[in-house]
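Worth saying up front: this structure is predicted, and the values here are computed from it rather than measured. Index from 1, following the sequence.
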Amino acid sequence: RVTAKEGAYTPPLEVYQAGSTTYGRLFQESASLNSERTALIEGARSRSYAELNERSDLMARVLLDSGLDRGDRVALLTRNCIEFVEVELSAAKIGAISVNLNWRQTPAELAHCVCLTEPSFIVSGEEFVAPLRDAGWETDLVIGRDYDAALNAVDRADLPSVYVEGEDGLCILFTSGTTGMPKGALISHRAMVARALIFATETGAPKDDTFIAWSPLFHMGSNDFTLATLLRGGQIVIIDGYDADKMIDAIEEYAVHYVTVVPGMIEDFIKHFKTRDAKPKPIGLIGAMADLVPRPLLKEITTLLNAPYFNTFGSTETGNPPASASLIPVGEAPESLSKKQNDFCEIRLVDADGNDVVDGEPGELAIRGPSVFSGYWGNDAANQEAFRGGWFHMGDVFRRNADGSLDFVDRVKYMIKSGGENIYPAEIEQHIMVDERILDVAVVRKSHEKWGEVPVVFAARSDQTLTPEDVIGMCRGRIANYKLPKEVHFIEMDDLPRSTSGKIQRHILEERLR
């Protein structure tokens, strides 16, 4: 804390409290204002705001009666369902931290995440009781009859009243790094409220919005937008994972401001959409991670849904910022995917010594702002590295253009060192992705006796006559000769290894080369 100099005004506690709020308290206000509106829909089940508020109050009392205190962790290991949201809200109301575990993780990863966060209470689906036990942990409450019985046993007149602050942790989301064990990003109440406000302000999200939570609620892609929508009085359609027909049903029934589509599912979604000759209600915007989507698919999906594509660059740690403030117009397959900086954040592009780079030079993006997370749980070394100088260093390299726009270059830690020169894979990928015959592409490094490392391309193609020479020709004259790919390997789309967030895992492709 900064100590005020003598004579400076220090507000009393009551003044501080009046200027602070939490996600839990704001949700209670939203529930009061929208009590009869539908909050959650999951198949034939639904919850009004009044019901959701009451059931999360009851669950909060279950947690308190189990001995939980402010700052304790409540682990959640379940597929997308209404109960997931109820438990997360109940934790928010009493200052507990929801640990949103990834059920796709390996047993070793799951054990690491549970041991790291040391939850005092675990809620899981029936199918995850055994994996948790194998990891050395017992489930305290199983979703289903046990869950409902626990809520029904609570004295409905005895609801929780616990003081919580805005900087308290709301949830822990695990990052999906390509190597090493996952890190737990602690998201505060302050950060989640800021994320909701930034999205609504910059995209004009309406109060009566509908959001389709089909991607896992243990990821920010569904978690952030679900919680944001509930603060605005909108409704959430919960789908357990990617299901094109259920998603199409939802957009035909409801006006949806933001439809999440991600690399790896767009092509299949387009096929289902065309087969059904779908007639969606108006959509505000679609998509995420445009850099990872082949340009022809950007053109086709925006045309079909008649909605611009969200040209995002955010993260679990930062929310939508720092660079998710621009849209790709309907029907365009742009060569450039330059980003626009979000409002409500400060950014710098810095070199390895922390000095600002000049426009046109690549530098790591560092950010400050209200949407930034509160550090990696139980990982002091990672926090010291990431928060150098009071800025969060994202590990992503950008180049600032003369007009202030930002071009993504690549990850700091994934660089090809060839003959003393630095090569970022995305510099090569962006030129190949423009060609309509390319479905997807990834550039990786390969050891080389003379140059140390050289770039190698893995490409999925729609035209089987496409040759390696054709692919190299897409880059020739557009990048320096030393950056030209030295090999091209064609691969099926389904064989491209991806993380749970849809990013291609380069290290697995490197192993295939070896």
Side-chain angles (χ1 to χ4, degrees), residues 1-2 167 169 172-180 182-188 190-195 197-199 201-202 220 224 288-292 311-326 337-377 379-415 422-427 501 503:
R1 293 182 180 275
V2 177
E167 287 304 317
I172 294 175
L173 305 178
F174 291 92
T175 60
S176 55
T178 55
T179 60
K183 293 182 289 189
L186 177 65
I187 317 296
S188 69
R190 172 262 307 157
M192 192 61 74
V193 172
R195 294 177 185 199
L197 291 171
I198 290 169
F199 175 76
T201 299
E202 292 190 333
M220 68 157 289
D224 278 21
M289 300 183 288
D291 301 79
L292 305 180
N311 190 11
T312 63
F313 197 95
S315 69
T316 299
E317 294 90 342
T318 63
N320 276 348
S324 301
S326 61
L337 290 174
S338 297
K339 316 290 182 201
K340 181 181 177 183
Q341 179 182 338
N342 291 90
D343 295 325
F344 313 111
C345 69
E346 305 171 60
I347 71 168
R348 297 170 61 205
L349 300 184
V350 299
D351 61 22
D353 296 320
N355 301 311
D356 292 281
V357 300
V358 299
D359 288 358
E361 290 297 319
E364 181 182 11
L365 195 148
I367 178 174
R368 287 199 300 211
S371 70
V372 174
F373 77 132
S374 300
Y376 297 111
W377 187 270
N379 196 333
D380 290 341
N383 290 330
Q384 289 175 8
E385 170 67 19
F387 288 93
R388 302 186 303 278
W391 295 76
F392 174 59
H393 295 251
M394 294 187 67
D396 297 293
V397 176
F398 278 82
R399 185 183 292 108
R400 184 183 281 108
N401 301 311
D403 63 358
S405 63
L406 300 162
D407 287 336
F408 175 65
V409 178
D410 219 307
R411 291 289 294 170
V412 169
K413 294 183 179 179
Y414 198 96
M415 187 189 299
N422 295 336
I423 303 172
Y424 293 102
E427 294 180 283
S501 59
K503 297 179 181 178

- Please step through side-chain contact (heavy atoms from CB on, under 4.5 Å) for the pair Trp391 and Val350, ending with a clear verdict. CA-CA 11 Å; Trp391 295 76; Val350 299; over 6 Å; no
- Message: For Asp356 and Arg400: C-alpha separation, side-chain torsions, deciding distance, then whether salt bridge (Lys or Arg N to Asp or Glu O under 4.0 Å) applies.
- Response: CA-CA 11 Å; Asp356 292 281; Arg400 184 183 281 108; over 6 Å; no
- Take Met192 and Asp224 through the side-chain contact (heavy atoms from CB on, under 4.5 Å) test and state the conclusion after the steps. CA-CA 7 Å; Met192 192 61 74; Asp224 278 21; 3.5 Å; yes
- Worked verdict on Ile172 versus Phe174 for side-chain contact (heavy atoms from CB on, under 4.5 Å): CA-CA 7 Å; Ile172 294 175; Phe174 291 92; 4.0 Å; yes
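Annotation: the span from Asp359 atom CG to Asp403 atom CG amounts to 9.5 Å, rounded to 0.5 Å. One finds the OG atom of Ser188 at 5.0 Å from the CD atom of Glu167 (value rounded to the nearest 0.5 Å). A distance of 9.5 Å separates CG in Leu365 from OG in Ser315, rounded to the nearest 0.5 Å.
Using a cutoff of 4.0 Å between basic side-chain nitrogens and carboxylate oxygens, Lys340 and Glu202 are not scored as salt-bridged.
In this structure, the side chain of Thr312 engages the main chain of Met289 through a donor-acceptor pair within 3.5 Å. Here the side chain of Ser324 pairs a donor or acceptor atom with the backbone of Phe313 at under 3.5 angstrom.
For the salt bridge (charged side-chain N to carboxylate O under 4.0 Å, His left out) condition, no pair includes a residue of residues 312-321, sequence neighbours left out.
Under the 6.0 Å distance and 45° angle rule, Lys183 counts as a cation-pi partner of Tyr376.
Taking the six-membered ring where the residue is Trp, Phe373 and Phe392 present perpendicular rings, their angle passing 60° and hence far from 30°.
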